Amino acid sequence: MASIIPFGRKAQSPKPVETGAMPSFLEGFSIEVMPRTAAKIEDFRTILPSGTRVYVAHIDGTPIEEMVSTAARLVEEGFPVMPHFPARIIKNQAVLESWIKAYKDVGVRQALLLAGGVSEPQGDFSDSMQLMETGLFDAHEFERIHVGGHPEGNRDIDPSGDDTQVMKALRWKNDFQSRTDAKMAIATQFCFEAKPVIDWANKLQKEGITLPVHIGVAGPAKLQTMIKFAMACGVGPSLRVLQRRAADLTKLMLPFTPESFLRDLAEHKAQNPDFNIENVHVFPLGGITRSAEFMDEFGAQRRRMAAQG
């Protein structure tokens with residue numbers, strides 16, 4: 001069982017530099033876990049702020065019972081839970097409905113709909129739009145639906161490297177929100193460089209896509225770990241940030257933190273209040289506790305600022 005540090009106390013994570021825009025930008029962040037990583041945390045209330053949305057990632061091969069058990073535990077601890085529904089590993093509509101009912105029975109009312117990490121569908125569904133079209137999430141009173149986003153492209157959807165099909169899908173999902181009562185947002189893959197993200201977010205607005213963005217960020221981790229996950233997940237141009245870091249032997253063994261990336265986005269948001277990034281979503285590649293501690297450094301700054309008036 002992992003050693004737990006009460007929320008608000010710090011361990012050995014690198015301490016972020018004071019920056020005025022960051023605390024507000026990071027307020028209300030979400031975090032992603034898997035059943036096996038969640039099991040290492042004795043009590044999430046000791047490491048996460050109250051009300052933090054916790055996504056539960058569904059890896060192909062994980063029994064749905066483990067997923068639902070993890071969700072139930074998090075709900076019991078008081079957190080809003082958003083499990084993944086990967087379309088390509090769901091056999092048919094009956095299986096989809098059984099998953100939805102199982103989650104609903106333990107208090108879940110949110111879902112992240114994805115195509116999934118497998119290349120070929122294992123059943124009737126191949127993308128998240130087909131899951132949405134079933135109407136089952138609305139029928140079972142799910143209050144919030146998030147969909148995936150790829151600021152640096154997705155060659156699984158657009159093999160040529162452009163974003164034609166991705167944008168077409170996002171326009172469809174944007175229209176779905178406008179004709180239903182769904183509360184929706186785009187939750188993205190993690191990135192490492194702010195400019196491509198800013199350009200992508202601005203392009204969404206120009207395309208008339210009004211879904212708010214929850215930008216993915218990789219929590220603190222060893223550089224080697226970060227590069228491994230980035231390559232496995234198809235991170236695009238911003239991978240060069242890690243490659244430059246790896247080329248500097250003086251920094252090779254130091255932990256990599258997302259501070260520079262977050263600071264650039266926070267400052268852009270402060271200067272452009274209509275910027276459509278609404279929240280930050282953390283992928284805890286270096287461990288859940290380590291990421292939670294890093295994020296709470298900025299929460300502590302915000303609390304100090306509020307106390308000072």
Side-chain angles (χ1 to χ4, degrees), residues 4-33 41 43-55 74 77-80 82 144 146 149 151 185-198 200-202 212-221 226 238 241 254-309:
I4 304 301
I5 298 172
F7 182 66
R9 288 175 54 190
K10 299 279 109 34
Q12 288 79 31
S13 294
K15 187 172 182 179
V17 176
E18 293 282 344
T19 176
M22 284 273 269
S24 295
F25 184 68
L26 299 184
E27 185 177 16
F29 73 90
S30 58
I31 195 165
E32 185 153 313
V33 305
I41 305 300
D43 188 335
F44 277 85
R45 289 168 293 192
T46 65
I47 63 171
L48 293 178
S50 175
T52 301
R53 178 179 292 115
V54 182
Y55 290 63
L74 287 161
E77 292 178 5
F79 296 97
M82 180 170 276
R144 177 172 283 274
H146 288 186
I186 301 170
T188 82
Q189 179 60 276
F190 56 85
C191 305
F192 299 100
E193 188 175 23
K195 187 179 185 307
V197 169
I198 292 169
W200 173 78
N202 289 340
V213 175
H214 293 203
I215 190 68
V217 57
M226 201 76 79
S238 72
V241 172
L254 297 175
F256 183 90
T257 75
E259 186 179 335
S260 177
F261 173 63
L262 290 171
R263 184 192 305 114
D264 290 346
L265 290 179
E267 291 175 353
H268 184 80
K269 177 78 172 181
Q271 295 167 10
N272 301 273
D274 293 333
F275 186 49
N276 53 355
I277 289 184
E278 178 181 73
N279 285 103
V280 170
H281 177 57
V282 181
F283 293 83
L285 305 186
I288 298 169
T289 301
R290 191 177 185 187
S291 288
E293 290 169 357
F294 178 85
M295 298 298 284
D296 186 50
E297 289 285 1
F298 297 103
Q301 290 180 28
R302 184 173 181 81
R303 291 191 293 274
R304 287 195 296 270
M305 291 163 57
Q308 294 169 1

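The shown structure was predicted, so the numbers you read here are calculated from the model rather than taken from an experiment. Positions are given from 1, in the same order as the sequence printed here.
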**OP:** Heavy atoms only: give me the nearest D43-T46 pair and the separation to one decimal.
**Re:** O-OG1, 2.7 Å

Original post:
Is V217 close to F29 at the side-chain level, that is, under 4.5 Å between some pair of heavy atoms?
Top reply: no

Subject >> F275 side chain near N202 side chain, heavy-atom distance below 4.5 Å >> reply: yes

**OP:** Apply side-chain contact (heavy atoms from CB on, under 4.5 Å) to N279 and list each qualifying residue two or more places apart in sequence or on a separate chain.
**Re:** H214

Subject >> Interatomic distance, T188 atom OG1 to I277 atom CD1 [nearest 0.5 angstrom] >> reply: 7.5 Å

**OP:** Would you check if E77 and L48 make a side-chain contact, meaning some heavy-atom pair closer than 4.5 Å?
**Re:** no

**OP:** Hey, could you give me the CZ/CG distance between F256 and L285, rounded to the nearest 0.5 Å?
**Re:** 10.5 Å

Original post:
For the atom pair CZ (F44) and OG1 (T52), what is the distance rounded to the nearest 0.5 Å?
Top reply: 10.5 Å

**OP:** Taking all heavy atoms of A194 and all of L265, pick out the closest pair and write down the distance.
**Re:** CB-CD2, 3.9 Å

**OP:** Determine, stepwise, if the pair L262 / F294 fulfils side-chain contact (heavy atoms from CB on, under 4.5 Å).
**Re:** CA-CA 12 Å; L262 290 171; F294 178 85; 4.2 Å; yes

Original post:
For A292, does its backbone N or O pair with a side-chain atom of D296 as donor and acceptor, under 3.5 Å?
Top reply: no

Original post:
If you measure from CG on D264 to NZ on K195, what distance do you get to the nearest 0.5 Å?
Top reply: 12.0 Å

Subject >> Value rounded to 0.5 Å, distance of CH2 in W200 from CD1 in I186 >> reply: 5.0 Å

Original post:
Under 3.5 Å, side chain of N276 to main-chain N/O of V213, donor-acceptor pair present?
Top reply: no

Subject >> M82 CE to L74 CG distance, which is reported to the nearest 0.5 Å >> reply: 13.5 Å

Original post:
Any side-chain heavy-atom pair from F261 and V197 closer than 4.5 angstrom?
Top reply: yes

Subject >> Validation row: F283, Q189 side chains within 4.5 angstrom (heavy atoms) >> reply: yes

Original post:
With sequence neighbours left out, what residues match S30 under side-chain contact (heavy atoms from CB on, under 4.5 Å)?
Top reply: R53, Y55, H281

Subject >> Minimal non-hydrogen separation, A266 against A21, with atom names >> reply: O-CB, 3.6 Å

Original post:
Looking only at heavy atoms, which two atoms of P80 and G51 are closest? And how far apart?
Top reply: CG-O, 3.5 Å

